[in-house]
Amino acid sequence: MDVSHLLDNLNDNQRQAVTAPAAHRLVLAGAGSGKTSVLTRRIGWLIQVEQASVHSILAVTFTNKAAAEMRQRIEPMLGYPIGAMWVGTFHGIAHRLLRMHWEEAGLPRNFQILDSDDQKRLVRRVIQSLELDEKRWPPKLAQWYINGHKEEGRRSHHVAPPQDPQNQGLLQIYKQYEETVERLGVVDFAELLLRAHELVRDNPELQQHYQRRFQHILVDEFQDTNSLQYAWIRVLAGDRSKVFVVGDDDQSIYGWRGAKIENIQNFNRDFDGAETIRLEQNYRSTGNILNAANAVISRNSGRLGKELWTDSGDGEAIDLYAAWNEQDEAQFVVDRIKAWVETGGRRDEVAILYRSNAQSRVFEERLIAAAVPYRVYGGHRFFERQEIKDALAYLRLIENDQDDTAFERVVNLPARGIGNSSLEKLRAAGRAHSCSLWRAVAVCAENNLLAARANTALAAFVGLIASLRDACHGLPLHEQVEHVIEKSGLLTHYQNEKGDKAEARVENLKELVSAARNFDPDEDVVAERPEGMTPLAEFLSHAALEAGEQQGGQWEDCVQMMTLHSAKGLEFPLVFLVGLEEGLFPHQNSMQDAGGLEEERRLAYVGMTRSMQKLVLSHAESRRLYGKESPGIPSRFIDEVPAELMQEIRPRAQVSQPLYRPSQARGRSLEDNTAFGGIALGKMVSHAKFGDGIVMALEGSGPNARVQVNFNDVGNKWLVMQYANLTEL
DNA sequence: TCTCTTACGTTTTTT
DNA sequence: ACGTAAGAGA
C-alpha cells in the first residue's frame with residue numbers, strides 16, 4: 001500500500017513521531033509545530049502500516065472541537081468512515097463506557113448528566129438541607145471542594161476526618177451530596193471520569209477486555225490532564241497497550257482547575273521505555289516572535305526543554321505601546337486595526353488578547369465608535385442558556401421524574417402558584433421519606449401537609465408532566481421537543497415576557513426544535529450503541545456534554561477578541577497582547593507563589609505564539625478597573641523580551657502628562673452640601689424611634705437629601721434628612 | 001407574587 | 001463600575 005501521503009511534507013522529527021516503532025512515546029510539540037497533523041498521521045500509520053485495527057485505537061482529546069477535527073482529518077486520510085474507532089473527549093469516552101456498563105458501574109440505566117450550573121444548584125440545596133450557613137459554606141466553594149476530591153480520585157469516605165469546623169462542614173456536604181446524586185440518578189462531570197475509572201479498575205473482566213482491546217492509546221494536550229485522567233489512562237493501558245501522548249509543558253495553563261503539569265514531566269518515569277520526541281520547528285510565527293517567546297519562557301524552571309525556531313526569517317519587530325490609560329490603549333489598537341484593514345488586511349486576521357474578560361469592554365466601545373465589526377469569545381453557549389435549560393428540565397423530567405434538579409427548576413415556571421413556602425414543605429417531606437420531590441407530592445397529598453391550593457397546583461404539575469410524557473411517546477424527537485415547549489407553557493411564558501432579551505429567548509426555544517431535528521445520534525455513537533437508550537436520553541446527554549457553539553452566524557470578517565486562555569490553539573496574523581501590567585498580567589492572585597507566576601508566564605508564551613506576522617504589546621500607565629483608577633507598572637513579561645526585538649511606539653515615561661485624563665469620578669462633594677448639616681460618614685447619630693446608629697451613606701441634595709444609618713437595634717435604614725430629625729452624638 | 005432594593009463579587013474554562 | 005442574584009416589602 002502506498003503510504004507516502006502519510007509522510008508528505010513532514011520534517012525529520014515529525015516523521016520520526018509518525019513512524020516510531022510501537023513503544024510509549026511522548027511528543028513534545030511546541031506551539032505551531034504541526035502537532036495535530038502528527039497525531040492524525042500517526043493514527044493513519046498505525047492502521048495502514050502497522051495493520052492496527054480501527055477497533056484497537058483510542059484517541060482522547062479535551063474538547064469536542066479537537067475530537068471533531070481529528071475525526072474529520074482521519075476519515076479522508078483513510079478514505080472510509082471510522083465509526084468503530086473511539087475518538088472523543090475524556091468525558092465523552094467515560095460517558096460511553098458508563099452507558100455500556102451502567103449496571104456494573106452501579107448506575108440506573110437512564111442516568112442523566114449534570115452540568116456545572118446544575119451541580120452548583122444541587123450543592124446549594126444540599127447545604128440548605130443540612131441547615132448550614134451559605135455565607136460560611138458558599139455553594140461555589142463546596143462545589144470546588146467536591147470536584148477537587150473527585151479529580152484526585154477520592155470519595156468522601158477516603159477523606160481523612162478534618163479537625164476544623166470549616167472542613168468538617170465541607171466533608172458533610174460532600175457526603176450528603178453523594179447520597180443525593182445517587183438517589184436522583186444523575187452524574188456530574190467529575191463523576192463521569194471517576195466512575196469510569198473505578199469501573200475499569202475494579203472490574204477484572206472489563207479491565208482485561210479493554211486492556212486487550214485498546215492496543216494504542218493516543219492523548220492530545222497531555223499537559224492538561226488531571227490526576228484522575230492520568231490514572232484512567234494508566235489503567236486502560238495496562239502493561240500491553242502503547243501510549244502515544246502529545247503535549248507541551250510550556251503551554252500548561254490549567255493548573256488552577258486541577259491539571260497536573262507533573263503528568264507530562266513524569267511520563268517517562270511512569271511509562272516504561274518511553275521515548276521523547278521534540279517538535280521544535282515552528283511553521284506559524286516569524287523569528288522575532290519566536291525569539292521573544294523563547295526568551296520569556298526560558299525564565300521558567302523545571303521545563304522539559306524546547307526551543308522554537310523557524311527558517312522563514314525574522315519578520316517585523318514587535319511593537320510596544322505605552323498607553324496613558326486603558327482608553328488610550330484601546331484607541332491605539334483600534335487605529336492600528338483600521339490601518340491594517342486599509343492596507344488590505346482582513347479583520348478576522350486580527351485578535352485582541354487579554355488576561356481577563358473585564359478588559360474587553362473598553363475595546364468594544366472603541367470598536368463600536370469606529371464602526372469596526374468584532375466578535376467576543378466566551379459567555380453562555382447554546383445549551384447553557386436559561387430558556388434552553390428550562391426546556392431541557394421538562395424533557396429531563398419526562399425521562400426521569402426522580403430528577404429533583406429538573407423538578408425544582410420548572411415546578412413553578414411558568415408560575416403556577418407553587419411558592420417557596422409550599423416548596424419548602426415539599427422538600428421537608430422528601431427529606432423525611434428520603435424520596436424525590438416527585439414522590440413527595442403524593443406523600444404531601446395523602447397526609448394533608450400542604451394548603452389545598454398548593455396541593456391542587458402540584459397535582460396539576462405532576463399531571464402535566466405525565467401527560468407530556470404520554471403525548472411524546474412514539475413521536476420523533478423534534479416533535480417531542482416542540483410539544484413540550486408549547487404544552488408546558490414555556491413558550492407562552494417567554495412570549496409574554498417583556499424586554500429585549502425575551503425575543504431572543506423565544507428564538508432560541510425554536511432553535512432548540514431545529515437542534516433536535518438535526519440531531520443525529522448515529523453520528524455520535526459507534527457500533528456498540530448502548531442498548532435501551534431513547535433518542536431523547538441521547539439528546540439530553542449530548543446537550544450536557546457538548547454545550548454547543550457560542551453563537552452562530554457572526555463569523556464573517558470580524559475582529560476576534562478573547563482571553564489568553566481561549567486563544568490557545570488558535571493563530572492570527574496580527575495579535576494585540578494588551579494590558580501588560582503587574583497585577584493584571586501577571587494577575588495579582590497568581591503573583592504570590594512561584595508556581596502561579598510560572599503559569600502566568602506560560603500564558604504569556606501562549607499569547608505571543610498565537611501571532612503569525614505581527615505582535616503588538618501594550619500596557620497602560622494608569623487604568624480604571626472595577627471602578628477604581630490605579631497606576632500601572634509595566635509587566636515583568638515586557639522586560640523579559642529582549643529589547644532589540646522590540647520597537648517602542650511611544651517611549652515609556654517620556655512625558656508625564658496624560659492625553660486622556662482619567663474621567664473624574666462623579667462623586668458628590670459633600671462639603672458644599674448644606675442639606676446634611678453636621679452629619680457625615682461614620683458619625684454616630686440618634687433617632688427618636690430607631691435609637692442610635694452610625695451613618696453609612698449620604699445621597700441627594702436639598703429636599704431629596706437622604707442618609708443611610710445602620711442602627712444598633714433595627715439595622716440599616718434610609719431616611720430623608722428633612723424628616724429624620726437626627727441628632728449628632 | 002411581583003418589584004424594588006441591597007449585597008456581593010470581580011482570573012482564567014471545559015466537560 | 002456594574003451586573004446579578006437573593007431578600008424584603010407592597
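None of these values were measured; they are calculated from a predicted model. Order of the sequence lines fixes the chain letters, A, B, ..., with proteins taken first and strands second; residue numbering starts at 1 for each chain.
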*What nucleic acid atoms does A:Tyr254 come within less than 4.0 Å of, heavy atoms only: base, sugar-phosphate, or nothing?*
sugar-phosphate

_Pair A:Arg125 + A:Asp404, salt bridge at N-O below 4.0 Å_ = no

*Using whole Å, report how far CG of A:Asp188 lies from P of B:dT15.*
16 Å

*Under 4.0 Å between a side-chain N or O of A:Lys65 and OP1 or OP2 of B:dT13?*
no

*Quick one: A:Glu134 CD to B:dA7 C1', roughly how many Å, whole number?*
14 Å

*Contact class for A:Asp115 (heavy atom, under 4.0 Å): base, sugar-phosphate, or nothing?*
nothing

*Is a side-chain donor-acceptor pair under 3.5 Å present for A:Gln386 with A:Tyr494?*
yes

*Could you check whether A:Phe62 and the base of B:dT14 form a stacked pair, meaning centres closer than 5.5 Å and planes differing by less than 30°?*
no

*Of the nucleotides B:dT15, B:dT11, C:dA1, which one has an atom closest to the side chain of A:Thr63?*
B:dT15

*Within the pair A:Asn64 and B:dT15, is there a side-chain N or O less than 4.0 Å away from OP1 or OP2?*
yes

*asked:* Salt bridge check, A:Asp403 against A:Arg396: does any charged N sit closer than 4.0 Å to a carboxylate O?
replied: yes

*Under 4.0 Å: is that the gap between some side-chain N or O of A:Arg361 and OP1 or OP2 of C:dA1?*
no

*Please tell me which of A:Lys135 and A:His91 maps to the more 5' nucleotide of DNA chain B, matching each residue to the nucleotide holding its nearest heavy atom.*
A:Lys135

*For A:Lys568, which contact category applies under a 4.0 Å heavy-atom criterion: base, sugar-phosphate, or nothing?*
nothing

*asked:* Just the rounded figure in Å: distance from C1' of B:dT15 to CZ of A:Arg257.
replied: 8 Å

*Can A:Asp224 and A:Lys260 be counted as an ion pair, charged N to O under 4.0 angstrom?*
no

*asked:* I want to check one thing: is the phosphate of C:dA6, taken as OP1 and OP2, less than 4.0 Å away from some side-chain N or O of A:Arg124?
replied: yes

*Kindly indicate whether a cation-pi arrangement holds for A:Arg99 with A:Phe111, taking the cut-offs as under 6.0 Å to the six-membered ring centre and within 45° of the axis.*
yes

_Euclidean distance, atom NZ of residue A:Lys120 to atom P of C:dT4 [Å, nearest integer]_ = 14 Å

*So, is A:Asn357 near the phosphate of B:dT11, with a side-chain N or O under 4.0 Å from OP1 or OP2?*
no

*Separation of atom CG in A:Asn147 from atom P in B:dT14, rounded to whole Å*: 16 Å

_Donor/acceptor link under 3.5 angstrom from A:Ser116 side chain onto base of B:dT15_ = yes

*Integer-rounded Å distance: B:dT15 C1' and A:Arg195 CZ*: 17 Å

*Hey, can you tell me if A:Trp256 and A:Tyr254 have their rings parallel, tilted or perpendicular (30° and 60° cut-offs)?*
tilted

*Is any side-chain nitrogen or oxygen of A:Tyr626 closer than 4.0 Å to OP1 or OP2 of B:dC8?*
no

*Do any of residues 582-608 of chain A sit with a heavy atom less than 4.0 Å from DNA chain B, and if so which?*
A:His587, A:Asn589, A:Ser590

*Between B:dT12 (P) and A:Gln223 (CD): distance, integer Å*: 20 Å

*A:Asp117 CG to C:dT4 P: how many Å, rounded?*
14 Å

*asked:* Using the side chain to side chain contact (heavy atoms under 4.5 Å, CB included) criterion, which residues pair with A:Asn508? Sequence neighbours excluded.
replied: A:Phe382, A:Arg385, A:Glu387, A:Ile388

*With a 4.0 Å cut-off, would you call A:Lys150 and A:Glu191 a salt bridge?*
yes

*Is the phosphate of B:dT15, meaning OP1 or OP2, less than 4.0 Å from a side-chain N or O of A:Thr89?*
no

